[in-house]
Protein chains: 2
Amino acid sequence: MKQTGDLNLVKKINKTIVLHHIRTDSPISRARIAEITGLTKATVSSLVNELIESSLVEEIGVGESSGGRKPMMLLFKGTAGYAIGVDLGVHDILAVLTDLTGKVIREKRIQHHNESVEHVTRLLTTTIRELIDTAPESVYGVIGIGLGVPGICDEEGNLLFAPNLGWENVPLQAQLEAEFGLPVVIDNEANAGAVGEKQFGAGKDTANLVYVSIGMGIGAGIIIRNELYRGATGFSGEIGHISIQHDGPKCRCGSLGCWELYASEHALLEQAGQELGHEVDLESLLSKAENGDAGVIQLFERLGYYLGVGVVNIINGFNPEFIILGGRLAGGEKWLMKPLLELLEKRSLPHPRKQLKVEFSELQDRSTVLGAASFAVAKFFASTTVSVERS
Amino acid sequence: MKQTGDLNLVKKINKTIVLHHIRTDSPISRARIAEITGLTKATVSSLVNELIESSLVEEIGVGESSGGRKPMMLLFKGTAGYAIGVDLGVHDILAVLTDLTGKVIREKRIQHHNESVEHVTRLLTTTIRELIDTAPESVYGVIGIGLGVPGICDEEGNLLFAPNLGWENVPLQAQLEAEFGLPVVIDNEANAGAVGEKQFGAGKDTANLVYVSIGMGIGAGIIIRNELYRGATGFSGEIGHISIQHDGPKCRCGSLGCWELYASEHALLEQAGQELGHEVDLESLLSKAENGDAGVIQLFERLGYYLGVGVVNIINGFNPEFIILGGRLAGGEKWLMKPLLELLEKRSLPHPRKQLKVEFSELQDRSTVLGAASFAVAKFFASTTVSVERS
DNA sequence: AATAGTTTGTAAATTCATTAAACAAACTTA
DNA sequence: TAAGTTTGTTTAATGAATTTACAAACTATT
């Protein structure tokens, strides 16, 4: 249901706006906030003082005068609390402790061989516990845990289906909340990655973007008007299973000719294995290409072509301004980019393409983990804040 | 920018909520609205009385008592104003005059041979003028015009590109606003159709749906959480140009193997023309199939297969609860449905499919025109109302 | 019929966040 | 030194919702 309005709501809305400006445009003065937002100076003063009271904002001294009294500059106090972000991978766990601004305080990387759900979740909890224990003293302490997982989640934070982990129906959120007594957010790794790119990566200034995570499978996180877009039931972006050849080979999802059969890491390794006559891993392929191995380079270029086919579908279906390619395969940027861009040039509609950018991630393998941490921070602020869109 | 909060906003929010309940749950009493919304009886009373003052709501007499004083029942006054809805087709114009509830008061259908933009827009304006002139006397009069067009529009209401009409960069909204001095909304016919189905058709009780319009091309309107989803720059759903065969035949959009090359009315007619050795139209194919012509039936079934291929892509990419198939080809439902459903059963992921429904439109060719009219009504109300989502 | 209890809707007093206006403090510029 | 600017606070006014009280209209029970 829609929420009714009262004075309390008004205050929440305005407090959120004021905090937002302090978070994004800091250092900033009370007067400048009033000017930008249209709120009166009195209102801003009152709200800012409450935010200082609750330790989320601090005064850092006077700034430059512009012809009158010097302004008192305000800063968001990122160290008022800390968040945990985790990227649960198929063979490794990457976990970080960040402050409320998303700055990484500590990072931990652990390999696992995915023996069992119990084994991996035990690794997960000990890793998280360790990071929590090293968190500096702060007003709010560790405010929550965000998790990016290689699979489909529902709204209650159950990991419904993670084919590459071989997991099904794991109530991860409930387990972790019980373990740590903290708010936990769980989402698909591509969704988390998209948020990570939006907040900290190449997508900072773009309201509409698609993050394509190219790993063993292909997933996508979609951000529309600065917000993560989720499908009807909370999990969309199973974009790797959009068919690019209706009578192609059978995919484990049931459909035929799915994109990820052609353009994923798995597809590359399979293809390379056939051509070379023995199994290879991504690292060795990358170094071979680096050394000028023409056959391997051709494999990458072929992959670039197939990546392009799917990217054209994303452009025509979702019409984003910016497509960011991430995941492990992003290491092959050098050989993937050219055939991909050539294909786009040839095959996408002129209207949507006009303002389109396609780039590889600059956060490398940290998009997901940073996005996950920012989920936790967002949940923390959502509990006390609200917003209204202009109609 | 986000809007700041003040008392005015609070009132708008609550007034919108109260009006919403009167529009959807009528007849309803003041006391019941207070109960549902959580607003106090005093607040509801005050807002309802203002709505009565502005002629949007009326009292229709007392209702049944539930053990105490009889309630005064309230009704939304649909006849306080009227709206125009238009479906601008490739060969015809369908226009309606509706009241504020969307009830059709008058309908007009006109053929055109698409001689020129000037000719068609002249037809359009005379048609609209005629409907406006027949609108009954009312408090607000005709409050606006909504238009569904077979092409891509921008936010300023320019028709950027309508390949099947052969139009490009027509400032339709500005032209019509100048002509009639009324607010005009223009959008893609598939978007309008989706809204029409959501408001008046099979999608009334579904928050997330995709409307697929199968005509000369294929378009889609996507509704997420009860709201029309538009891509980044205001036009998405060019879903007909998602490739289902990466090395297929060339499409006029530049890409290869686009869905609409396989599953549109155009594709059907082309195929039929080849097989029969002469040109045919949809009507004759439908009647042949009706008479049991096995060859033609097979054509429809093949089309059903290709429809299914694209629908699987929509399911995996957008994950809706409900897919509604509309447009002229919907007439072939009888032969299209079976192969389509068989394909879905075989090829879509088990998780998304669980709660999925696929149906043909029950509004026939009126989805778009009704959606267009409701755009006009929505714009009228948006000028005085606002809403907040619970965080 | 009389009484008790319920439901509907209005009225009066209170609360509280914002605005508007006035002002003090701190600074720059001429 | 005086005049003008900018910053941020104080005070009074505004107005929408809430709380509390209450009158009117009805049902059910004795």
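Letters A, B, ... are given to chains in the order of the sequence lines, protein chains preceding strands, and every chain is numbered from 1.
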Between [atom2] on [N] and [atom1] on [X], what's the gap in Å once rounded to a whole number?
X	N	atom1	atom2	result
A:Leu9	C:dC16	CG	C1'	14 Å
B:Glu35	C:dG9	CD	P	12 Å
A:Leu39	C:dT19	CG	C1'	10 Å
A:Leu74	D:dT7	CG	C1'	12 Å
B:Lys12	D:dA17	NZ	C1'	18 Å
B:Ile17	D:dA16	CD1	P	16 Å
B:Glu64	C:dT8	CD	P	13 Å
B:Asp6	C:dC16	CG	P	19 Å

With a 6.0 Å cut-off on ring centres, are A:Tyr82 and A:Tyr140 close enough?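 Ring centres of A:Tyr140 and A:Tyr82 not closer than 6.0 Å.
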
Inspect the contact between A:Lys41 and A:Glu35 and indicate whether a charged nitrogen and a carboxylate oxygen are less than 4.0 angstrom apart.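 No, A:Glu35 and A:Lys41 are not salt-bridged.
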
For the pair A:Glu59 and A:Lys77, find out whether any cationic side-chain nitrogen is under 4.0 Å from an anionic carboxylate oxygen.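 Looking at A:Lys77 together with A:Glu59, the answer is no, because their closest N to O distance does not fall below 4.0 Å.
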
The side chain of B:Leu7 lies closest to which of these nucleotides: D:dG15, C:dT18, D:dT7?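 The nucleotide sitting nearest to the side chain is D:dG15.
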
Indicate whether OP1 or OP2 belonging to [N] is found under 4.0 Å from a side-chain N or O atom of [X].
X	N	result
B:Thr43	D:dT18	yes
B:Asn8	D:dA16	no
A:Asn14	C:dA17	no

Looking at residues at least two apart in the chain, or sitting in another chain, which of them share a side-chain hydrogen bond (donor to acceptor under 3.5 Å, both in side chains) with B:Asn226?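 Result, side-chain hydrogen bond (donor to acceptor under 3.5 Å, both in side chains) vs B:Asn226: B:Lys198.
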
Let me know, please, whether A:Val10 or B:Ser46 comes out on the 5' side of the other along DNA chain C by nearest nucleotide.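 On the 5' side of the pair lies B:Ser46.
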
Heavy-atom nearest nucleotide on DNA chain C for A:Gly38 versus B:Arg32: which residue maps closer to 5'?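 Closer to the 5' end of DNA chain C: B:Arg32.
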
Protein and nucleotides 25-28 of chain D: nitrogen or oxygen contacts under 3.5 angstrom:
unit_1, atom_1, unit_2, atom_2, d
D:dA25, N3, B:Arg69, N, 3.3

What pairs of donor and acceptor atoms, side-chain ones from residues 60-73 of chain A against any protein atom, are under 3.5 angstrom apart with sequence neighbours left out?
unit_1, atom_1, unit_2, atom_2, d
A:Ser65, OG, A:Gly67, N, 2.9
A:Ser65, OG, A:Gly68, N, 3.0
A:Ser65, OG, A:Gly68, O, 2.6

Closest non-hydrogen atom pair between A:Ala192 and A:Ala372, with its separation: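 Closest approach of A:Ala192 to A:Ala372, heavy atoms only: CB-N, 4.0 Å.
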
Just by distance, with hydrogens left out, do A:Thr40 and A:Thr43 show a side-chain donor and acceptor under 3.5 Å apart?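 The criterion, which ignores hydrogens and geometry beyond distance, is satisfied for A:Thr43 and A:Thr40.
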
Contact class for [X] vs. all strands (heavy atom < 4.0 Å): base, sugar-phosphate, or nothing?
X	value
B:Ala42	base
A:Ser29	sugar-phosphate
A:Lys11	sugar-phosphate

Would you please test A:Glu50 and A:Lys11 for salt bridge (charged side-chain N to carboxylate O under 4.0 Å, His left out) and show each step? CA-CA 11 Å; A:Glu50 286 186 28; A:Lys11 189 165 186 179; 2.5 Å; yes

If you find the nucleotide of DNA chain D closest to A:Gly5 and the one closest to A:Lys41, which residue's nucleotide is nearer the 5' end?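 Closest to the 5' end, via its nearest nucleotide, is A:Lys41.
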
